[in-house]
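For clarity, every value in this text was computed on a predicted model and none was experimentally measured.
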Amino acid sequence: MSQQLKEIQQRLSAKALKSNAEFFLKMVPGKQKVYGVRTAELNLLAQQYKACSFDLAKELWKSGALEEKIIAIKIMEKMGKKDPVKLMTLFKQFSRQVENWAVCDGLGMQFLRGIVKTHSKEIFELAARYNHSKDPWQRRLSLVMVEWYTRTGEHHGEIKKLVKNLENDDEYYVKKAVVWINKNFKKGK
């Protein structure tokens with residue numbers, strides 16, 4: 001365990017509030033460990049430790065608590081564009097270990113943010129693969145990771161194909177992603 005991970009875990013433990021942990025567990029159901037630390041503190045930790053980037057993100061992810069995964073996502077959001085190939089490799093690894101909607105959405109919307117303008121081809125290729133996955137979180141992720149592109153017309157056809165494939169999905173959180181993307185199209189995003 002790195003010194004940085006120890007420091008982060010100590011700070012998370014010190015800033016943990018039982019009432020926040022109960023709220024998070026209600027909002028983000030699952031079996032993950034939750035400290036109960038506010039988002040503002042997670043943002044500060046990500047900013048403070050972003051220079052450690054890829055190695056620390058892996059360590060945080062492996063450690064497994066909700067807040068640790070969120071910090072890993074936020075670090076990659078800030079630093080991932082420095083090495084897009086490594087970022088995509090890590091994204092693929094992390095995508096196999098998603099257990100709730102909050103991590104799924106953070107991974108899809110924040111983790112890749114630094115490369116959405118430069119690597120749309122790779123993002124859509126991966127989304128197409130995840131769109132047919134047996135894992136419901138990867139199916140949801142296939143829509144979440146292309147949500148940014150609903151803002152421009154250039155990729156609407158590709159997004160609509162992804163949505164169409166999941167329109168009759170039985171999984172609750174996949175259905176919610178379908179509704180979300182369709183709402184974006186109706187808003188004119």
- [ ] Apply the test side-chain contact (heavy atoms from CB on, under 4.5 Å) to residues Met109 and Met145: give CA-CA distance (whole Å), side-chain angles for both, the deciding distance (0.1 Å), then the verdict.
- [x] CA-CA 6 Å; Met109 296 179 71; Met145 65 193 286; over 6 Å; no
Is the backbone N or O of [Y] less than 3.5 Å from a side-chain atom of [X], with the two atoms forming a donor-acceptor pair by type?
| X | Y | value |
| --- | --- | --- |
| Glu67 | Val37 | yes |
| Glu68 | Ala65 | yes |
| Asn165 | Asn131 | yes |
| Ser120 | Lys117 | no |

In the structure I gave you, are the side-chain heavy atoms of [X] and [Y] within less than 4.5 Å of one another anywhere?
| X | Y | answer |
| --- | --- | --- |
| Lys82 | Lys86 | no |
| Tyr49 | Glu7 | yes |
| Ile159 | Asn184 | no |
| Leu60 | Ile70 | no |
| Lys58 | Leu90 | yes |
| Tyr149 | Glu154 | no |
| Arg11 | Gln48 | yes |

- [ ] Under the side chain to side chain contact (heavy atoms under 4.5 Å, CB included) rule, collect the residues that match up with Glu158, sequence neighbours excluded.
- [x] Phe124, His155
Open item on the list: Holding to side chain to side chain contact (heavy atoms under 4.5 Å, CB included), I want the full list of residues that pass it with Lys6, two or more places apart in sequence or in another chain.
Closed with: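 Testing Lys6 for side chain to side chain contact (heavy atoms under 4.5 Å, CB included), a comparison that skips the adjacent residues, returns Met1, Gln3.
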Looking only at heavy atoms, what is the nearest atom pair of [X] and [Y], with distance?
| X | Y | value |
| --- | --- | --- |
| Arg140 | Ala177 | NH1-N, 3.6 Å |
| Ala127 | Val146 | CB-CG1, 3.8 Å |
| Leu143 | Ile181 | O-CD1, 3.7 Å |
| Ala72 | Ala57 | CB-O, 3.5 Å |
| Lys81 | Ile115 | CA-CG2, 4.0 Å |
| Cys104 | Val98 | CB-CG1, 3.6 Å |

Kindly compute the distance separating [atom1] ([X]) from [atom2] ([Y]), expressed to the nearest 0.5 Å.
| X | Y | atom1 | atom2 | answer |
| --- | --- | --- | --- | --- |
| Phe111 | Lys69 | CZ | NZ | 12.0 Å |
| Leu141 | Asp105 | CG | CG | 8.5 Å |
| Phe94 | Leu107 | CZ | CG | 8.0 Å |
| Ser2 | Leu56 | OG | CG | 5.5 Å |
| Glu125 | Met88 | CD | CE | 8.5 Å |
| Glu122 | Leu87 | CD | CG | 11.0 Å |

Open item on the list: One pair to check against side-chain contact (heavy atoms from CB on, under 4.5 Å): Lys175 and Val179. What are the steps and the verdict?
Closed with: CA-CA 6 Å; Lys175 290 178 188 180; Val179 169; 5.7 Å; no
Open item on the list: Determine whether Lys92 and Leu126 satisfy the following criterion, side-chain contact (heavy atoms from CB on, under 4.5 Å), listing intermediate values before the conclusion.
Closed with: CA-CA 9 Å; Lys92 291 172 194 173; Leu126 191 55; 3.9 Å; yes
Open item on the list: Same cluster or not: Val85 versus Leu112, using hydrophobic residues (I, L, V, M, F, W, Y) connected whenever any side-chain heavy atoms lie under 4.5 Å apart?
Closed with: no
Open item on the list: Please tell me whether Ile71 and Leu44 are part of a single hydrophobic cluster in this structure, the criterion being side-chain heavy atoms less than 4.5 Å apart.
Closed with: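 Different hydrophobic clusters.
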TODO: Carefully, step by step, assess Thr89 and Gln93 under the rule side-chain contact (heavy atoms from CB on, under 4.5 Å).
DONE: CA-CA 6 Å; Thr89 300; Gln93 289 172 8; 3.9 Å; yes
- [ ] May I have all residue pairs that pass ring-ring contact (aromatic ring centres under 6.0 Å, His included) and include part of residues 26-47, sequence neighbours excluded?
- [x] none
TODO: If a pair satisfies ring-ring contact (aromatic ring centres under 6.0 Å, His included) and one of its residues is in residues 128-148, list it, with sequence neighbours excluded.
DONE: Trp137-Tyr173
Using distance only, find each side-chain donor-acceptor pair of residues 13-24 under 3.5 Å and give its atom names and separation, not counting sequence neighbours.
{"unit_1": "Ser13", "atom_1": "OG", "unit_2": "Gln9", "atom_2": "O", "d": "3.1"}
{"unit_1": "Asn20", "atom_1": "ND2", "unit_2": "Gly36", "atom_2": "O", "d": "3.3"}

Open item on the list: Quick test of your reading of the model: are Asp169 and Arg139 salt-bridged, counting only N-O distances below 4.0 Å?
Closed with: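 Yes.
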Open item on the list: With a sphere of 6.0 Å drawn around NZ of Lys78, does it hold more than 12 non-hydrogen atoms of other residues, nucleotides or ligands?
Closed with: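 Count over threshold, so yes.
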TODO: Assess whether atom NZ of Lys161 is packed by more than 12 heavy atoms of other residues, nucleotides or ligands within 6.0 Å.
DONE: no
Open item on the list: Applying side chain to side chain donor-acceptor pair (under 3.5 Å), can you list everything that pairs with Gln138, at least two apart in sequence or on another chain?
Closed with: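 Side chain to side chain donor-acceptor pair (under 3.5 Å) list for Gln138, sorted by chain: Ser95, Ser133.
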